[in-house]
Amino acid sequence: MTMAEMNEMTEQRKIPGFGEAFTSHMMTMAWNADAGWHGLKLLPYGNLPMNPAMVTLHYGQAIFEGLKAHRQADGSIALFRPDKHALRFQLSAQRVAMPQLPADVFLEAVETMVRADGPELPDDPALSLYLRPFMFASEATLAVRPAREYLFAVIACVTGGFFGSQSKPLSVMVSHRYSRAAPGGTGAAKFAGNYAASYAAQLEAAEAGCQQVVWLDAVEYQWIEELGATNIFFVRGHGQGARVLTPELTGTLLSGVTRDSILTLAAELGYLPSEERLSVDQWREQSRSGVITESFACGTAAVVTPIGHVRDPGGDWTIGDGTPGPVTLALHDALVSVHRGRAADRHHWMHKVC
């Protein structure tokens with residue numbers, strides 16, 4: 001199904017926005033220095049107890065993940081690459097001095113949530129079950145040190161696309177004033193503070209009529225790194241043999257699970273995937289000259305979303321003719337086909353739960 005067909009189908013009904021329709025349950029599990037991880041529980045969705053001296057409120061020691069479960073063609077439900085998310089959760093924890101959650105416990109928690117709340121996911125190709133595992137420092141202390149108590153939890157919501165159900169390409173603004181991450185910082189971790197620090201730039205983008213911010217490197221302010229909370233891709237050329245490239249991992253941007261999947265799918269579709277640096281000036285010049293024909297964002301929530309227009313102090317420009325390009329649409333369809341069990345799962349990405 002193309003983006004346009006999905007858009008036409010979903011216009012006729014209300015699809016919940018991202019993070020708005022939470023399911024009935026949640027998982028919780030505690031950690032402390034004496035007992036380690038203990039007490040994994042399935043509970044009704046509800047509020048968590050909070051001490052006003054809790055470390056997270058004062059020093060921001062918190063991480064999260066985001067992954068999806070999709071209803072398959074046979075009616076079953078499967079998680080997309082949960083093992084990769086479990087590993088990244090461990091790496092994020094390590095970066096901000098938190099205890100690492102064993103991968104098998106992570107998998108048990110998300111599987112239990114899917115079994116419990118999977119029936120709330122309609123048989124609708126535009127909808128998925130988004131799971132949000134997170135961990136935060138729960139110890140009550142103002143001591144400036146890593147906490148000695150943590151809480152791990154998982155919540156879920158039925159959701160459509162992160163940017164809504166429409167296939168209209170994004171307008172984006174290049175930020176030269178703010179940085180998302182710096183060398184040696186937390187850019188490669190899904191650390192809560194990374195996202196709060198992005199809001200000022202996001203508000204500027206909204207005021208400029210754009211949906212997202214393009215982040216540049218924090219040293220030279222010229223190399224493209226990410227787009228909002230997603231990874232970004234560029235297409236050079238047309239058809240078979242077109243080059244599909246994304247910024248290389250430098251430690252300042254997130255190693256996206258969808259990013260990794262797109263690089264694999266691109267090669268299978270006959271494109272040439274690559275990871276390389278691209279400056280904002282190169283993006284502008286190569287888009288205007290027709291060398292870069294398409295650009296798109298990708299992520300668990302965003303899936304594959306086209307970019308149509310870029311605003312920048314050095315001059316605005318349009319990507320291609322401003323509409324979703326054929327490579328973007330092909331990659332979107334290939335990824336969604338794996339999600340929904342309509343295509344062969346050659347890489348064993350889908351983890352069937354129920």
Side-chain angles (χ1 to χ4, degrees), residues 6 9-10 12-31 37-51 54 56 62-86 88-89 101-136 138 150-165 190 192 195 229 257 299-303 336 339-341 349-354:
M6 185 178 294
M9 180 181 68
T10 57
Q12 303 173 12
R13 65 193 186 285
K14 179 176 175 57
I15 288 183
F18 179 74
E20 293 180 353
F22 292 98
T23 59
S24 301
H25 297 88
M26 64 183 186
M27 300 292 298
T28 65
M29 188 179 193
W31 184 95
W37 289 109
H38 60 281
L40 183 64
K41 300 175 184 176
L42 178 69
L43 301 170
Y45 180 86
N47 295 334
L48 296 170
M50 182 176 67
N51 188 300
M54 188 171 67
T56 294
I63 61 170
F64 67 93
E65 264 300 322
L67 66 160
K68 282 183 176 178
H70 304 269
R71 193 169 291 282
Q72 304 296 283
D74 63 2
S76 63
I77 301 178
L79 287 157
F80 183 70
R81 307 191 73 177
D83 53 330
K84 291 281 287 186
H85 288 281
R88 193 170 64 180
F89 198 66
L101 183 75
D104 60 341
V105 177
F106 182 100
L107 292 173
E108 180 183 356
V110 295
E111 286 175 357
T112 301
M113 277 292 293
V114 172
R115 292 191 186 98
D117 290 352
E120 299 181 35
L121 176 62
D123 185 11
D124 184 329
L127 298 178
S128 57
L129 186 67
Y130 179 89
L131 292 101
R132 171 55 64 88
F134 61 102
M135 189 201 311
F136 62 91
S138 55
Y150 297 87
L151 188 72
F152 165 71
V154 185
I155 57 176
C157 60
V158 175
T159 185
F162 184 70
F163 296 109
S165 61
K190 286 192 76 70
Y195 297 81
V257 175
T300 295
V303 191
V336 171
H339 285 167
R340 296 281 297 171
W349 286 343
M350 302 309 298
H351 183 81
K352 187 173 180 178
V353 178
C354 58

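This is a predicted model, so every value here is computed, not measured. Numbering starts at 1 and runs along the sequence shown.
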Show, in sequence, the C-alpha distance, side-chain angles and deciding distance for S138 and T56, and conclude whether the side-chain contact (heavy atoms from CB on, under 4.5 Å) test is met. CA-CA 7 Å; S138 55; T56 294; over 6 Å; no

Do the side chains of [Y] and [X] get nearer than 4.5 Å, heavy atoms only?
X	Y	value
W349	H339	no
V353	R115	yes
I155	F134	yes
R88	K190	yes
I77	H70	no
F152	T28	no
L67	V257	no
M113	T23	yes

salt_bridge(D123, R340) N-O dist < 4.0 Å: yes

Contact list for residues 103-112, test side chain to side chain donor-acceptor pair (under 3.5 Å), sequence neighbours left out: E111-H351

Partner set under ring-ring contact (aromatic ring centres under 6.0 Å, His included) for [X], not counting sequence neighbours:
X	result
Y150	W31
H85	none
F22	Y45
F64	Y195

What's the shortest heavy-atom distance between V154 and L131, and which atoms? CG1-CD2, 4.2 Å

With [X] via side-chain contact (heavy atoms from CB on, under 4.5 Å) - residues at least two apart:
X	value
N51	A53, A140
A192	A62
A73	none

Could you work out, with side-chain hydrogen bond (donor to acceptor under 3.5 Å, both in side chains) as the rule, every residue matching N47, not counting sequence neighbours? none

Applying side-chain contact (heavy atoms from CB on, under 4.5 Å) to V110 and M27, what does each step give before you reach the verdict? CA-CA 8 Å; V110 295; M27 300 292 298; over 6 Å; no

Under the rule for salt bridge (charged side-chain N to carboxylate O under 4.0 Å, His left out), what residues qualify as partners of [X], not counting sequence neighbours?
X	result
R132	none
R71	none
K41	none

Does C157 offer a backbone N or O that forms a donor-acceptor pair with the side chain of E120 under 3.5 Å?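 Not confirmed, E120 side chain does not pair with C157 backbone.
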
Is a side-chain N or O of D117 found less than 3.5 angstrom from the main chain of S24, in a donor-acceptor match?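 Judged by distance alone, yes, a pair lies under 3.5 Å.
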
Go through T300 and E65 one step at a time and tell me if the side-chain contact (heavy atoms from CB on, under 4.5 Å) criterion holds. CA-CA 10 Å; T300 295; E65 264 300 322; over 6 Å; no

